[in-house]
Amino acid sequence: MKNNKYKILLLSDLNKSATSELISTVSLAKMLDGDITLFHVKKPTDIVERESQLSAMRSINEEHILTNKAIENLIKPISQDYQLNIGYDVAIGNIKHEIEAYIKNYQPDIIVLGKRKSKTINFMGDNITDYVLKTHKGSIMIVAQNQSLQPNQDAMLGVLNTSDQAVDTNFIKELIGKTNQPIKAFKIVSQLAPTQTVVDNKTIEYVFEKGDNAVDNVSKYALKSNINLMCFDNAKQQNSNTNIKNVISKLNVSLLLTGQQSTILHK
């Protein structure tokens, strides 16, 4: 029987926010009926300090064992708490090359990354977030450290639209069907002060004026509204003030980016 579950890939550097990132990934998987695989890459230069080839191989093997154990300790309690199987893989090599090869082989529907506090978009020290944005054509979720998703709780969903097109929530219809809360649609347009409009009984629209502070204002309203997942169709956004890097750096809630393959949410 064919497995039609969503394939969700969590790229983790196993830092102190790894638990929060995994819990948010579990939340998304439970909403979409998805399978999770955590993937971690280590650079050989972070492991090998000994000069001989035999010593280097021993160091790599030891690190592989320790890393597998650390991931198992991370996954096991969360998997048990939320009754969800979570797979994982570990690689040692060039981070970008290993991630590219793994994505090509695994073919995930959604990639999950953790958001860093740094003003630059860095992940695993090698600007991997930017790399994944450029190479992965499917959806990407970037988990905020504070406003993370919680399994078995009703999600507070938002939709961000920075073009002059009408706000379209169809591309997240499957997520919308999983919450009883109204959808908050945030729209940035030309020459208009912030307004609030009830579009229908499932959608409340907030309209903001374009400008350097537009995304900051959206972020403030989103936090006040307790949004824990903002959906953003990157393929439709053309405004230079609200490009994807600007949205990622300024929006203080978890972000689900869709693009050329946003139709995966309609499986």
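In what follows, every heavy atom counts, from backbone to side chain, and hydrogens, waters and symmetry copies are set aside.
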Distance-minimising heavy-atom pair for [X] and [Y]:
| X | Y | result |
| --- | --- | --- |
| Asp216 | Asp212 | OD2-O, 3.8 Å |
| Lys250 | Val215 | CB-CG1, 3.8 Å |
| Ser249 | Lys115 | O-NZ, 3.6 Å |
| Ala185 | Thr203 | CB-CG2, 4.0 Å |
| Ser20 | Ala144 | OG-O, 4.5 Å |
| Asp109 | Lys5 | OD2-O, 4.1 Å |

> Is it true that Phe39 and Tyr106 have ring centroids separated by less than 6.0 Å?
Replying inline: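 Centroid separation for Phe39 and Tyr106: 6.0 Å or greater.
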Is a donor on one side and an acceptor on the other found under 3.5 Å between the side chain of [X] and the backbone of [Y]?
| X | Y | value |
| --- | --- | --- |
| Lys30 | Tyr82 | yes |
| Asn228 | Leu149 | no |
| Ser79 | Ile75 | no |

[X] [atom1] to [Y] [atom2] distance, which is reported to the nearest 0.5 Å:
| X | Y | atom1 | atom2 | answer |
| --- | --- | --- | --- | --- |
| Lys69 | His64 | NZ | NE2 | 15.5 Å |
| Lys104 | Thr135 | NZ | OG1 | 12.5 Å |
| Ile204 | Gln181 | CD1 | CD | 10.0 Å |
| Ser12 | Leu113 | OG | CG | 10.0 Å |
| Leu255 | Ile248 | CG | CD1 | 6.5 Å |
| Leu28 | Leu256 | CG | CG | 6.5 Å |

>> Determine whether Ile227 and Leu223 satisfy the following criterion, side-chain contact (heavy atoms from CB on, under 4.5 Å), listing intermediate values before the conclusion.
In response: CA-CA 6 Å; Ile227 301 296; Leu223 289 174; over 6 Å; no
Non-hydrogen side-chain atoms of [X] and [Y] separated by less than 4.5 Å:
| X | Y | answer |
| --- | --- | --- |
| Ile23 | Glu21 | no |
| Leu157 | Lys184 | no |
| Thr37 | Ile8 | no |
| Ile110 | Leu9 | no |
| Val132 | Ile140 | yes |
| Val90 | Asn68 | yes |
| Val41 | Ile92 | no |
| Lys187 | Val159 | no |

>> Between Met141 and Ser24, is the side-chain contact (heavy atoms from CB on, under 4.5 Å) condition met? List the steps.
In response: CA-CA 9 Å; Met141 184 169 81; Ser24 288; 4.2 Å; yes
> Pick from Leu74, Ile71, Leu10, Ile36: which one makes a side-chain contact (heavy atoms from CB on, under 4.5 Å) with Ile86?
Replying inline: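 In the set Leu74, Ile71, Leu10, Ile36, the residue that makes a side-chain contact (heavy atoms from CB on, under 4.5 Å) with Ile86 is Ile36.
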>> Apply side-chain contact (heavy atoms from CB on, under 4.5 Å) to residues Met156 and Leu229 and explain how you reach the verdict.
In response: CA-CA 7 Å; Met156 299 292 291; Leu229 183 61; over 6 Å; no
Salt bridge [X]-[Y], side-chain N to carboxylate O under 4.0 Å:
| X | Y | value |
| --- | --- | --- |
| Lys134 | Asp130 | yes |
| Lys7 | Asp35 | no |
| Glu63 | Lys42 | yes |

> Should the ring pair Tyr206 and Phe186 be called parallel, tilted or perpendicular, given that the plane angle runs from 0 to 90° and is split at 30 and 60?
Replying inline: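 Ring orientation, 0 to 90° scale: parallel.
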> Taking atom types as modelled, is there a side-chain donor on Tyr102 or Asp89 under 3.5 Å from an acceptor on the other?
Replying inline: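 Yes, side-chain donor-acceptor contact under 3.5 Å.
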> Counting only heavy atoms not in Asn85, do more than 12 fall under 6.0 Å of its CG?
Replying inline: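 Incorrect, the count does not exceed 12.
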> When you look at Thr67 and Leu14, which way does the side-chain contact (heavy atoms from CB on, under 4.5 Å) test go after all the steps?
Replying inline: CA-CA 9 Å; Thr67 302; Leu14 303 181; 4.1 Å; yes
